[in-house]
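Accompanying notes for the structure given below.
Not measured: the values here are computed from a predicted model. When a residue number appears, it is its place in the shown sequence, counting from 1.
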Amino acid sequence: MMNVLYIVGGVAVAVIGGIFFVFTLGQRSASYELRLTLRDAAGHVLPHQRVQVWHRGSTPLEFQTDDAGQLRLAQSQSFGASILGPRRPGAFTVGLAFPGISPLFYQFPVERSGPVTYQVFNTYYDYTYTTWVGDFDAVQCVRHQFKENTGQLREAVAPTGGLVQRWQAAAELAHVGKQQNVHAYVLGLSLQLSGVEAPGAAR
């Protein structure tokens, strides 16, 4: 009888342990090739344009578009996932700045193919949204305040220089298989200048 109890108990522990293992979140990563194209307001490509790629807390790395206004970079992003998935982050967060065009820092969260609404910051090391200027699309500011988890209302701040250079942003995201057991994607991001805005002027 005791042997049966030991066996049943062992099976139960193994099942519970297996369930815990399956659903425990860990850190995984996905890789992607960023294919960036920059265009002016008329749709012409912007060759030899300075581009900074940034992540919060890391010094931006500077690159330059080629003769066709394009830049290709290998990137990766970590995210929480269990053994069952997901295989990629909810959004690939692309941080870019364009020193020759604007002093601001842009963050493009790409969830899927299509138009992208982006966030704008005054600095690249903003962990708590203290220099957040707002969320924008091609034609306007779409969000200038939000409620934090504490219930406190967070308001956007004035941009460095007083103006936000807007972009018409569109993404193409495709899964291209696995590379060294890491899911790989191609992320095409097309940015076209779409005017400037003085946030708060109409509020």
Side-chain angles (χ1 to χ4, degrees), residues 32 34-65 69-71 73 75 77 89-112 114-173 187-203:
Y32 64 94
L34 175 63
R35 298 180 180 179
L36 176 68
T37 303
L38 296 185
R39 300 179 184 276
D40 64 18
H44 304 129
V45 297
L46 290 171
H48 312 298
Q49 186 67 50
R50 291 172 63 197
V51 177
Q52 291 180 338
V53 179
W54 63 276
H55 305 276
R56 284 190 174 93
S58 300
T59 302
L61 300 177
E62 185 155 325
F63 303 91
Q64 184 173 282
T65 57
Q70 297 179 341
L71 175 65
L73 292 173
Q75 299 283 284
Q77 185 169 322
F92 289 99
T93 304
V94 183
L96 300 172
F98 315 96
I101 297 174
S102 170
L104 302 174
F105 293 84
Y106 297 78
Q107 197 170 74
F108 301 87
V110 178
E111 299 180 16
R112 62 185 68 85
V116 180
T117 298
Y118 51 92
Q119 298 180 317
V120 181
F121 299 86
N122 284 329
T123 69
Y124 64 85
Y125 46 83
D126 187 335
Y127 291 95
T128 58
Y129 281 71
T130 54
T131 71
W132 174 65
V133 175
D135 291 3
F136 294 79
D137 62 15
V139 297
Q140 63 185 348
C141 176
V142 296
R143 187 175 70 146
H144 61 88
Q145 61 181 17
F146 67 92
K147 265 191 179 177
E148 297 179 318
N149 293 333
T150 60
Q152 181 180 357
L153 193 65
R154 172 73 71 178
E155 291 277 354
V157 301
T160 299
L163 297 174
V164 172
Q165 172 62 63
R166 292 193 310 268
W167 295 91
Q168 179 178 328
E172 290 187 9
L173 183 62
L187 196 168
L189 184 60
S190 177
L191 303 179
Q192 181 171 331
L193 294 172
S194 63
V196 295
E197 182 170 341
R203 298 201 294 268

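- Residues Y32 and V110 are not in side-chain contact: their nearest non-hydrogen atoms beyond the backbone lie 4.5 Å or more apart.
- When all heavy atoms of P159 and P199 are compared, the pair lying nearest together is CG-CD, 3.8 Å.
- When each of Y106, W54, F105 is checked for a ring pair (Phe, Tyr, Trp, His ring centres under 6.0 Å) with Y124, only F105 meets the rule.
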For this session: Go through the steps to decide whether V116 and E111 satisfy the test side-chain contact (heavy atoms from CB on, under 4.5 Å), and finish with yes or no.
Result: CA-CA 9 Å; V116 180; E111 299 180 16; over 6 Å; no
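- Between V45 and P47, the shortest heavy-atom contact is O-CD, 3.2 Å.
- Contact detail for A171 and L189: the closest heavy-atom pair is CB-CD1, 4.3 Å.
- Here R39 contributes atom CZ and S194 contributes atom OG; the two are 14.0 Å apart, rounded to the nearest 0.5 Å.
- Few gaps surround CD on Q140; more than 12 heavy atoms of other groups in view lie less than 6.0 Å from it.
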For this session: Just do the ring-ring contact (aromatic ring centres under 6.0 Å, His included) check on F98 and W167 with the steps written out, would you?
Result: CA-CA 11 Å; F98 315 96; W167 295 91; 4.7 Å; yes
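- Between the N122 side chain and the A158 main chain, a donor and an acceptor come within less than 3.5 Å of each other.
- Without hydrogens or angle criteria, R154 side chain to T128 main chain gives a donor-acceptor distance under 3.5 Å.
- Side-chain atoms of T117 do not come within 3.5 Å of backbone N or O of D135 as any donor-acceptor pair.
- Counted within 6.0 Å of OH on Y125, heavy atoms from surrounding residues, nucleotides or ligands total 12 or fewer; the atom is thus considered open.
- A distance of 10.0 Å separates CD in Q52 from OG1 in T59, rounded to the nearest 0.5 Å.
- The two residues Q192 and A42 come nearest to each other via the heavy atoms NE2-C, 4.2 Å.
- The aromatic rings of Y118 and F108 are tilted relative to each other, their planes meeting at an angle between 30° and 60°.
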For this session: Begin from the C-alpha positions of L173 and R112 and carry the test side-chain contact (heavy atoms from CB on, under 4.5 Å) through to its verdict.
Result: CA-CA 6 Å; L173 183 62; R112 62 185 68 85; 5.5 Å; no
Exercise. Passes side-chain contact (heavy atoms from CB on, under 4.5 Å), L36 versus L191? Steps please.
Worked result: CA-CA 8 Å; L36 176 68; L191 303 179; 3.8 Å; yes
Exercise. Run the side-chain contact (heavy atoms from CB on, under 4.5 Å) check on E62 and R50 step by step: do they pass?
Worked result: CA-CA 7 Å; E62 185 155 325; R50 291 172 63 197; 2.6 Å; yes
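- When all heavy atoms of Q145 and R143 are compared, the pair lying nearest together is O-CG, 3.3 Å.
- No hydrogens or angles considered: a donor-acceptor pair under 3.5 Å links the side chains of T131 and D126.
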For this session: Please assess Y129 against F121 for the test ring-ring contact (aromatic ring centres under 6.0 Å, His included), listing each intermediate value before the final yes or no.
Result: CA-CA 8 Å; Y129 281 71; F121 299 86; 5.5 Å; yes
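- Remark: L96 CG to L104 CG distance equals 13.0 Å, nearest 0.5 Å.
- Considering CZ of R35 and CG of L73, their distance stands at 12.0 Å, rounded to 0.5 Å.
- Considering all non-hydrogen atoms of both residues, I101 and Q165 come closest at CG2-CG, 3.8 Å.
- For the atom pair CD of Q49 and CD of Q64, the computed distance is 8.5 Å after rounding to the nearest 0.5 Å.
- With R166 contributing its side chain and A138 its backbone, the two residues share a donor-acceptor pair below 3.5 Å.
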